[in-house]
Protein chains: 2
Amino acid sequence: MKTQLKKGTLEMCVLALLARADSYAYELVSRLADCMEISEGTIYPLMRRLQGEGWVSTYLVESPSGPSRKYYALTEAGHDSLASMQTEWQEFVAEVNSVLVPPQGSAAGAIKRDNPQGGNK
Amino acid sequence: MKTQLKKGTLEMCVLALLARADSYAYELVSRLADCMEISEGTIYPLMRRLQGEGWVSTYLVESPSGPSRKYYALTEAGHDSLASMQTEWQEFVAEVNSVLVPPQGSAAGAIKRDNPQGGNK
DNA sequence: CAATGTACCTTGTAATGCAAGGTATCTGTT
DNA sequence: AACAGATACCTTGCATTACAAGGTACATTG
């Protein structure tokens, strides 16, 4: 189920990380691994999408020990989109939470079970 | 983007609504419309999935003015799954929020922008 | 009868995760 | 030199789950 939860959030998370510091894709994978995971098969098409939207720009930097690194930087439009996405996310979370049942402890006497007629199919 | 955010949450939201009161599918659509939307094309395959998992049971009730209604009730396993999903959801929300940048007002001086080398591709 | 509302349902499509496969560049070892 | 390992990039096929659109069936009303 976690995979489905992630859908719709990873673009925003990547933009948020880039708002803190420019990164190359491979590094983003490890930076995100601290709290949630994104696979390499996901990050590259995702970065291509973000670039296609004009939310990130890129530049190449020689690596100290390996192939060059393609860094991504947030554009002004990227900042705007991130802010917009975060607002949408917070609203979405509030919506979902308004549907959920309170935790077990406090729900014992508060939940009203109702059914139009007893019995099963 | 909202559509993608919903993925992974609708099953849980439906289970949560059923925890409050049994419902038929068409009614669930309108009950959920209060805070988020789920289309009819979604609800029926979703209910079939929940039933396949043994999380809901069904029974038929004559409608006062129309075709019969197929009510869904949460099973014990459904209750357990709902609790488990809600825990996962809360953890997921915390994970995402830990990645996001604070709101604009307080972030003005706290965000440290870092890039390994200036310039664009 | 037709129109409308209710209730059920399926199907094709779009989008976005993941796993697995691949290429290229550097460093170290044999 | 060749090879192995790490780094960094990338693509492709697949699975999953939303949505829109299409459809059927039942009751009521005009």
Side-chain angles (χ1 to χ4, degrees), chain A residues 1-15 22-33 36-53 55-56 58-72 85 88-89 92 95-96 116 121, chain B residues 1-15 22-33 36-53 55-56 58-72 85 88-89 92 95-96 116 121:
Chain A
M1 172 169 154
K2 188 69 170 287
T3 295
Q4 304 303 325
L5 284 179
K6 286 188 201 171
K7 289 187 176 176
T9 62
L10 288 185
E11 283 189 2
M12 173 177 67
C13 291
V14 165
L15 290 178
D22 296 358
S23 260
Y24 52 97
Y26 194 76
E27 183 182 48
L28 284 170
V29 171
S30 65
R31 280 175 73 190
L32 261 181
M36 68 192 309
E37 307 209 13
I38 179 173
S39 76
E40 287 176 35
T42 298
I43 192 67
Y44 290 101
L46 190 152
M47 298 315 297
R48 188 163 58 233
R49 289 203 305 269
L50 296 184
Q51 193 171 1
E53 295 285 345
W55 294 337
V56 298
T58 61
Y59 55 95
L60 277 184
V61 177
E62 294 280 347
S63 159
S65 62
S68 303
R69 293 164 171 167
K70 182 175 178 182
Y71 276 82
Y72 295 87
M85 286 181 192
E88 193 176 19
W89 164 253
F92 176 69
E95 284 174 1
V96 172
K121 185 189 77 169
Chain B
M1 172 167 157
K2 188 70 170 286
T3 295
Q4 305 304 327
L5 284 180
K6 287 188 200 169
K7 288 185 177 176
T9 62
L10 289 185
E11 284 190 3
M12 174 178 66
C13 291
V14 165
L15 289 178
D22 295 358
S23 259
Y24 52 95
Y26 193 77
E27 184 183 46
L28 284 170
V29 171
S30 64
R31 281 175 70 190
L32 260 182
M36 68 192 305
E37 311 210 12
I38 178 172
S39 76
E40 289 176 36
T42 298
I43 192 69
Y44 290 103
L46 190 151
M47 298 315 297
R48 190 162 59 234
R49 290 203 305 268
L50 295 184
Q51 193 172 359
E53 294 284 345
W55 295 337
V56 297
T58 61
Y59 55 94
L60 277 183
V61 177
E62 294 281 344
S63 159
S65 61
S68 304
R69 292 162 172 170
K70 183 174 180 181
Y71 276 83
Y72 294 87
M85 286 181 193
E88 192 175 20
W89 165 252
F92 177 69
E95 283 174 2
V96 172
K121 188 187 72 166

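Protein chains get the first letters and strands the later ones, always in sequence-line order, with residue 1 at the start of each.
- Among the nucleotides C/dC8, C/dT10, D/dA8, the one closest to the side chain of A/Tyr24 is D/dA8.
- Side-chain atoms of A/Cys13 and A/Met85, non-hydrogen and from C-beta on, never get closer than 4.5 Å to each other.
- Not a single donor-acceptor pair under 3.5 Å links the side chain of A/Lys6 to the backbone N or O of B/Phe92.
- Between A/Leu5 and B/Gly8, the shortest heavy-atom distance links the atoms CD2-O, 3.6 Å.
- Between C/dG17 and A/Arg49, a contact under 4.0 Å exists linking OP1 or OP2 to a side-chain N or O.
- Close to D/dA18, at under 4.0 Å from its OP1 or OP2, lies no side-chain N or O of B/Thr3.
- Distances shorter than 4.0 Å separate none of the side-chain N or O atoms of B/Lys2 from OP1 or OP2 on D/dA18.
- You'll find that the side chain of A/Arg69 is closest to D/dA8, out of D/dA18, D/dA8, C/dC8.
- Here B/Thr42 reaches the OP1 or OP2 of D/dC19: one of its side-chain N or O atoms lies under 4.0 Å away.
- In this structure, A/Ile43 places its CD1 atom 12 Å from C1' of D/dC10, rounding to the nearest Å.
- Across C/dT16, D/dC10, C/dT10, the shortest atom-to-atom separation from the side chain of A/Tyr72 is found for D/dC10.
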B/Val56/B/Leu15 under side chain to side chain contact (heavy atoms under 4.5 Å, CB included): CA gap, chis, key distance, verdict: CA-CA 8 Å; B/Val56 297; B/Leu15 289 178; 4.2 Å; yes
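- The interatomic distance linking A/Leu60 (CG) with C/dT25 (P) rounds to 13 Å, in whole Å.
- One interatomic measurement links the two molecules: CE of B/Met36 to C1' of D/dT17, which rounds to 13 Å at whole-angstrom precision.
- Nucleotides of DNA chain D nearest to B/Gly41 and A/Tyr26 differ in position, and the one nearer the 5' end is that of A/Tyr26.
- Summary of the strand contacts: B/Ser65 and A/Gly66 both lie near DNA chain C, and taking for each the nucleotide with the nearest heavy atom, the more 5' one is attributed to B/Ser65.
- In this structure, A/Leu5 places its CG atom 21 Å from P of D/dA15, rounding to the nearest Å.
- Regarding A/Leu28, its CG atom lies at a distance of 15 Å from the C1' atom of D/dC10, rounded to whole Å.
- Contact annotation: side chain of A/Lys7 to base of D/dT16, donor-acceptor pair present below 3.5 Å.
- Summary of the strand contacts: B/Ser39 and A/Ser63 both lie near DNA chain D, and taking for each the nucleotide with the nearest heavy atom, the more 5' one is attributed to A/Ser63.
- A donor-acceptor contact under 3.5 Å is not formed by the side chain of A/Glu40 with the base of C/dC18.
- Between the side chain of A/Lys70 and the base of D/dA8 there is no donor-acceptor pair of N/O atoms closer than 3.5 Å.
- For B/Glu11 and D/dA18, the CD to C1' distance is 11 Å, given to the nearest whole Å.
- Regarding B/Met47, its CE atom lies at a distance of 13 Å from the C1' atom of C/dC9, rounded to whole Å.
- Contact annotation: A/Tyr44 reaches the phosphate of D/dC9 (side-chain N/O to OP1 or OP2, under 4.0 Å).
- Taking the nucleotide of DNA chain C with the nearest heavy atom to each of A/Pro64 and A/Ile38, the more 5' of the two is matched to A/Ile38.
- When the side-chain nitrogen and oxygen atoms of A/Arg48 are compared with OP1 and OP2 of D/dC9, none of them lie within a distance under 4.0 Å.
- Remark: P of D/dC19 and CD of B/Glu37 are 8 Å apart, rounded to the nearest angstrom.
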Taking it one step at a time, do B/Gln51 and B/Tyr72 satisfy side chain to side chain contact (heavy atoms under 4.5 Å, CB included)? CA-CA 9 Å; B/Gln51 193 172 359; B/Tyr72 294 87; 4.3 Å; yes
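- Here the side chain of B/Lys2 pairs no donor or acceptor atom with the backbone of B/Met36 at under 3.5 angstrom.
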